Every structure is written in structure tokens, then in C-alpha cells.
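Worksheet for the structure shown next.
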Amino acid sequence: YAVRALVRAAKRAHGLVAGEIVIAPSIDNNPTWLDQVPLEQIDAIIHLAARVHVMRDRERDPLEAFRAVNVIGTRDLAQRASACGVKRFVYVSSIKVNGEGTPLDQPYRADDVPNPQDDYGISKYEAEIALHEIERASGMEVTIVRPPLVYGAGVKGNFASLLRWVERGVPLPLGAARNQRSLVTVDNLADALVRCVDHPAAAGQTFLISDGEHISTPELLRRIGVALHQPVRLIHFPEKLLRLLMQPLGRAGTVDRLFGSLVVDDAHLRNALDWQPTDTMETALRATAAWWKARSS
């Protein structure tokens, strides 16, 4: 494929494969940003840009801030794309459209009734609705992919915190967690997105994706320790007490993610597109650890 990469700043194009680079400083509810984006002779768009989950959001109206980028910006791009003859629009949504967590024996599936709980998840679901409306009106094919936590080189957020804690040998009060979570490495996600670009069966579909292995927080920490060549110090600390201690700090959501389960059934993606992960979790964690150590050295 000939790739045209749209990025917010030139430094964000570092490491991209050879292709044309286009700079657009902002994607929001001012459609003038699209004047900088050449969409003619484009067959497919993979849309990854979003305002993502923000800890301690200072926006006066956080939902509207998410909507400005995630709903209106996405809608404006898709409308311009359909007018320019783009054949397929692949949208990276979020598993948060399904909800915030699952029982161990009831994984999320692609055909579940959406149940977003926070402003970010609501905005991603509203974007999906807008895209399907454009699809029906224009005939441009839409494919939606809802990943869980994505990890790999460049990872940020909670996963980066886990890497930092393990590397520093910090005792972690997470030994009592008996949860299961689905993750997806960035390379597996990218491989699936490329498959969605032109596979006939991807048109009009919503897919969930994972590495295919569900893992508890303690086991994930142990595997990170192996990848970093660092022993992991896990303490069995009651979840309820930890939640009580973290509540005044505004970190109860972090406890939910570390102790709660979120399991994904991605059989629809695998069957419809004849897709299998290219990387195992073990391989991906080794690569992530190598990047982390090189970054901090």
C-alpha cells in the first residue's frame, strides 16, 4: 500500500514507514482542519485519532470535550471521505463501548448491546453511530474495531506504570487479584487493521480483538518481571481495604482495572477474516521490555 499518514506534529511521524506525511494540528469540531487533508485517490482510511481517557479531567464539560474530537471530528472526516470516493473507513473504537468489565465466564462479544459507562466510552459509541449513518447514506463501507488495552513499544498510562513499578522493585499489593483481562499488542492490532482495509467480509462489521490469552494482574506482573529480568514482589492485600485507601486519592478506578476482569471473545474477527495473532504475549512483552529499558537508559 502507498500510505499517507496524518499526524498532529512532524515528531509524531518518527519511525513511520515510508510514505507521505500530512500535518493537521487539531481534529475537533471545526471542520476547517480538513482543508489540510488531501483525500482524493484514497481507497481506505484507518482512523486512530481520539481524545482518550483523561485522569483528573479539568474540562468544564468532559463529555463535550470528548465529543468535539471523537464524534464531531470523526463524523466530519468520514463525510469528507465519502464525498471524495473513499471506499472503506476502518474506525478504531474501544472496548469501553461494550462496558467497563465482565464476569469471568461472560466475555464481551461483538454483537453485545453497547453499554458505555464513562464519557470516553459514550463518545466512541456515538462516533460509531454517526459512521453507520454515513455508511447508509453514502455507501462507503465502515469497519469498526474495539480493542482492549493496547501495549507494546511506546505504551503509556497504566501499563507503563506497571513496567516502572516492576523495574524499580516496588512491592505491589496486588497478589490477591484473581481477575482475568484481555490485552492486545500493538503489532497484532496493526496486522488486523490492515486485514480490515480490503477484506470483503469486513465491510459493515464490528470486531473485538485480543491476543487470545486472558491473564490475571499478578501473572501479567510476573511475566513483565521475566521480560525485564527483575523479580516481582507481590503482597496479598485485601481489595476492599486497598480500594478504601485509594478512594481519597481519586484512584478507585485504578483499583477497578487492576482487580477487575475484562475478557474479550474475538471469534467473530478470527472467523470472518481468517485472522490469527502474529505475536504471542510472551514475544510482545519481551519486545515491550526491550523498548522500555532502551528508553530509560
Side-chain angles (χ1 to χ4, degrees), residues 1-9 11-22 27 42-50 52-53 70 74 77 81 86-97 110 124 127-128 131 141-160 163 181-203 205-213 215 227 264-292 294-295:
Y1 301 96
V3 178
R4 178 177 294 162
L6 177 66
V7 296
R8 284 185 288 163
K11 66 179 181 179
R12 295 183 180 272
H14 177 71
L16 290 176
V17 296
E20 181 182 355
I21 304 297
V22 178
I27 296 177
I42 295 293
D43 295 308
I45 289 175
I46 300 176
H47 183 46
L48 301 123
V52 298
H53 182 68
N70 298 351
T74 298
L77 174 61
V86 173
K87 299 178 180 65
R88 184 168 295 180
F89 194 102
V90 180
Y91 179 60
V92 179
S93 184
S94 169
I95 197 60
K96 281 179 168 285
V97 171
K124 298 296 274 186
E128 292 185 13
L131 288 173
E141 298 170 346
V142 170
T143 302
I144 292 168
V145 180
R146 297 177 189 160
L149 187 151
V150 182
Y151 67 102
V155 70
K156 300 178 182 179
N158 289 332
F159 201 98
L163 290 164
R181 297 194 73 89
S182 299
L183 313 175
V184 62
T185 172
V186 66
D187 291 330
N188 285 338
L189 177 59
D191 185 71
L193 292 176
V194 172
R195 185 71 63 93
C196 289
V197 163
D198 60 8
H199 197 294
Q205 296 295 311
T206 296
F207 297 119
L208 308 188
I209 183 172
S210 75
D211 287 337
E213 184 176 356
I215 188 169
V264 166
D265 180 351
D266 61 3
H268 179 45
L269 169 66
R270 294 172 185 248
N271 295 336
L273 306 190
D274 189 27
W275 180 82
Q276 294 291 326
T278 58
D279 278 3
T280 65
M281 184 177 290
E282 181 182 3
T283 301
L285 286 174
R286 284 203 304 265
T288 305
W291 161 79
W292 181 261
R295 169 186 173 277

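For clarity, every value in this text was computed on a predicted model and none was experimentally measured.
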With sequence neighbours left out, which residue pairs that include part of residues 265-277 fulfil the salt bridge (Lys or Arg N to Asp or Glu O under 4.0 Å) condition?
Arg109-Asp265, Asp266-Arg270
From Ile45 atom CD1 to Thr74 atom OG1, the distance as rounded to the nearest 0.5 Å
10.5 Å
Could you give the distance from CZ (Arg146) to OG1 (Thr206), rounded to the nearest 0.5 Å?
5.0 Å
Just so I know, are the side chains of Phe159 and Val150 near enough to count as touching, which here means a heavy-atom distance under 4.5 Å?
no
What do the steps show when you test Asp187 against Thr283 for side chain to side chain contact (heavy atoms under 4.5 Å, CB included), and what is the final call?
CA-CA 11 Å; Asp187 291 330; Thr283 301; over 6 Å; no
Would you please test Trp275 and Asp191 for side chain to side chain contact (heavy atoms under 4.5 Å, CB included) and show each step?
CA-CA 9 Å; Trp275 180 82; Asp191 185 71; 2.8 Å; yes
Check: Gly154 main-chain N/O paired with Arg295 side-chain donor or acceptor under 3.5 Å
no
Non-hydrogen atoms of Thr288 and Ala153 that approach each other most closely
OG1-N, 4.2 Å
Is the shortest distance from a Lys or Arg side-chain nitrogen in Glu128 or Lys124 to a carboxylate oxygen in the other one below 4.0 Å?
no
Could you give the distance from CG (Leu6) to CD (Glu20), rounded to the nearest 0.5 Å?
10.5 Å
Is the His268 ring parallel, tilted or perpendicular to the Phe207 ring (thresholds 30°, 60°)?
tilted
Heavy-atom pair with the smallest gap, counting every atom of Gly152 and Val186:
CA-CG1, 4.2 Å
Student check: side-chain heavy atoms of Arg181 and Leu149 closer than 4.5 Å:
no
So, taking the atom named CG in Leu269 and the one named CD in Gln276, what distance separates them when rounded to the nearest 0.5 Å?
9.0 Å
Any side-chain heavy atom of Leu77 sitting closer than 4.5 Å to one from Tyr91?
no
What's the separation between atom OH in Tyr1 and atom CD1 in Ile46, rounded to the nearest 0.5 Å?
8.5 Å
Determine the minimum heavy-atom distance between Asn70 and Ala50, stating which atoms define it.
OD1-CA, 3.3 Å
Search all heavy atoms of Ala227 against all heavy atoms of Leu285 and return the closest pair with its distance.
CB-O, 3.6 Å
Sorted by chain and number, sequence neighbours left out, side chain to side chain contact (heavy atoms under 4.5 Å, CB included) with Ala190 holds for none
Can you name the closest pair of heavy atoms from Ala202 and Thr143 and give their distance?
O-OG1, 2.7 Å
Return yes if some donor-acceptor pair links the side-chain N/O of Thr185 with the main-chain N/O of Ala284 below 3.5 Å, else return no.
no
Which heavy atom of Ile27 sits nearest to which heavy atom of Ala49, and what is that distance?
CD1-CB, 3.6 Å
Quickly, which of Thr280, Asp279, Asp211 forms a side-chain hydrogen bond (donor to acceptor under 3.5 Å, both in side chains) with Asn188? Name it, please.
Asp211
Roughly how far, to the nearest 0.5 Å, is OG of Ser93 from CG of Leu131?
9.0 Å
Report yes if some heavy atom in the side chain of Trp292 is under 4.5 Å from a heavy atom in the side chain of Val155; otherwise report no.
no
Any heavy-atom pair between the side chains of Ile144 and Val97 that's under 4.5 Å?
no
